[in-house]
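Everything below concerns the one structure shown next.
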Amino acid sequence: MRLDVILRVIAKLLLPFTVVFGFYVHFHAETSPGGGFQAGVVIGAGVILYAIIFGLDEAIKIVPVRVVELLVSVGTLIFLGVGIVGWLLGGNYLDYYALPIADPIISQEVGIHLVEIGVLMAVTGAVIAIFYAFAGRGRSR
Amino acid sequence: MIEAIPDLVHHYNHWVSIFLMVCGLYIVVARGNMVKKLVGLTVFQTAVFLLYISAGKILGGTPPIIAEGYEHYANPLPHVLILTAIVVGVATLAVGLGLVVRINEAFGTIEEEEIFERGEQE
Amino acid sequence: MVLLTLLAVVAIGIVRLRNLFAVVILGAVYSFLIATVFLVLDAPDVAMTEAAVGAGIATVMMLAVLHLTKTDESRPRQPQIFPLFVSAVTGAALIYGTLDLPPFGEADTPVHTHVGPYYLSQSIPDTGVPNVVASVLASYRGWDTLGEVVVIFTAAIGVLLLLRRAQRPTRQATRSRRDAP
């Protein structure tokens, strides 16, 4: 593993493109296929690639376990929070029209984007957390 | 035989999906290895996805992204349902694999029959 | 049709092989194939998800588990007539059921006359989002997506609970063996 120069160089080259592609998939979801789930999985896969090539410790240095766990819970909380904000402002749960924006179409877009960001964070965090759990188990035995 | 040909064309997707489903069911019921069982479960799931997506397709249609010059779009509802189902499927798969790892640590095997035997001995 | 037939062949391979590494890699092949099928069936969002999740993440997790356990499946000890019988009967019943299904790809089936056209025609006026899958996912059916995010959250917690603990595996092993019936 230590001698695989090609693997290491290619992984380093690929990682930024993978993450940028993930964000592209996320923010371009309105007009092309994509969305929070796909983007989260792509970004998570980039981190997993890094962890496979360079070892779990290096990956944990870049994306610490605490950050990953925060991502999962904060993503879920954002989704729940958007729903509750709509509720408090007089609409139904997850009613984006109730958001305090004049143009109803823009309020819908804002709502969709907020929710998708929540999904993105939750999925990225979950994928990386699950991989860390399995990989860490393999090391401790 | 001639009468069966339109049936074959119209239901080929459904039949392949049923075949995959039966493959998954067979793996889950017949095989004792737990990782293999989970693979079978995934195959079963995917067969259901295929069934839904086939139902949403319209011949001559396009993907459900609104644009000028197209009239027929595939039905977006099955796509959304299956999108969520895929991600939920992988989440449950992760929990299942976690259980398999713990079972392996407790019993030293992932074969169902050996685990049953060990349970009877104690 | 060619793709679907290929899919069936790969499924037979998955059933018959006993080396679990081969099974997992065939599973990845299977996921890519079915992603292509989804693309052909006009579902690019689903195809993307299946390629990333099924072929990427699921395969990595399976390989990690195989690293922790053993990679060969033992031979079954009893003849497997009964599972085959159950599967065959289920398959026959389901195929009998398909004969009543509407033909593939027609525009006037019940699936296409219920809420689907509403989403397709109202997505731009209601939300301004041309990708109907995104608008249905996040707006019309936000509840579904919320539930799904909660499921992912729960799964992550579950895996962490299962695998993070027990830094001393031997003691844990004896304890769980004692608890087992």
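Without hydrogens or angle criteria, B:Asn104 side chain to C:Leu68 main chain gives a donor-acceptor distance under 3.5 Å.
Per-residue heavy-atom pair counts under 4.5 Å with chain C were compared for B:Pro76, B:Cys23, B:Ala85, and the maximum is reached by B:Pro76. Listed options B:Leu25, B:Thr84, B:Val90, B:Thr92 were ranked by heavy-atom pairs under 4.5 angstrom with chain C; first place goes to B:Thr84. The choice from B:Val16, B:Asn75, B:Val87, B:Val22 that makes the most heavy-atom pairs within less than 4.5 Å of chain C is B:Asn75. Counting heavy-atom pairs under 4.5 Å between each of C:Val53, C:Val23, C:Val46 and chain B puts C:Val46 at the top. Contacts with chain B were tallied for C:Thr49, C:Val159, C:Thr98, C:Thr145; C:Thr98 has the most, counting heavy-atom pairs under 4.5 Å. Contact tally against chain C (heavy-atom pairs below 4.5 Å) for B:Ile86, B:Val29, B:Val101, B:Val28: the top residue is B:Ile86. Residue with the most contacts toward chain B among C:Asp42, C:Val151, C:Asp45, C:Ile152: C:Asp42 (heavy-atom pairs, distance under 4.5 Å). Contact count against chain C (heavy-atom pairs under 4.5 Å) is highest for B:Leu50 among B:Val100, B:Leu50, B:Ile82. With chain C as the partner, the residue from B:Pro78, B:Ala94, B:Gly40 showing the most heavy-atom pairs under 4.5 Å is B:Ala94.
With a 4.5 angstrom heavy-atom cutoff, B:Leu77 touches chain C only via side-chain atoms. For B:Tyr26, the parts lying under 4.5 angstrom from a heavy atom of chain C are both the backbone and the side chain. When heavy atoms are compared at a cutoff of 4.5 Å, B:Leu99 approaches chain C by way of both its backbone and its side chain. Contact of C:Val40 with chain B is made through the backbone alone, with heavy-atom distances under 4.5 Å. For C:Leu84, the parts lying near chain B are the backbone and the side chain together; criterion is any non-hydrogen pair under 4.5 Å. Contacts of C:Leu20 with chain B are made by side-chain atoms alone, with heavy-atom separations under 4.5 Å and no backbone atom involved. Interface residue C:Val37: only side-chain heavy atoms are found under 4.5 Å from chain B. Both the backbone and the side chain of C:Leu41 come within less than 4.5 Å of a heavy atom of chain B.
Closest heavy-atom contact between B:Arg102 and C:Leu161: NH1-O, 4.4 Å. The shortest heavy-atom contact between B:Ser54 and B:Asn13 is OG-ND2, 3.3 Å. Here the closest non-hydrogen pair linking C:Leu162 and B:Gly98 is CD1-C, 3.9 Å.
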Begin from the C-alpha positions of B:Tyr52 and B:Leu81 and carry the test side-chain contact (heavy atoms from CB on, under 4.5 Å) through to its verdict.
CA-CA 9 Å; B:Tyr52 268 66; B:Leu81 298 179; 4.1 Å; yes
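B:Met21 contributes atom CE, which lies 10.0 Å from atom OG1 of B:Thr46 (distance to the nearest 0.5 angstrom).
Residue-environment remark: CZ (C:Phe85) stays at or below the threshold of 12 foreign heavy atoms within 6.0 Å. Other residues, nucleotides and ligands place more than 12 heavy atoms under 6.0 Å from the CZ atom of C:Phe153.
Contact check for B:Phe19 versus C:Ile95: no side-chain heavy atoms found under the 4.5 Å cut-off. Counting heavy atoms from C-beta on, the side chains of B:Thr42 and C:Tyr30 never come closer than 4.5 Å. A 4.5 Å side-chain heavy-atom check between C:Val24 and C:Leu63 finds at least one atom pair inside the cut-off.
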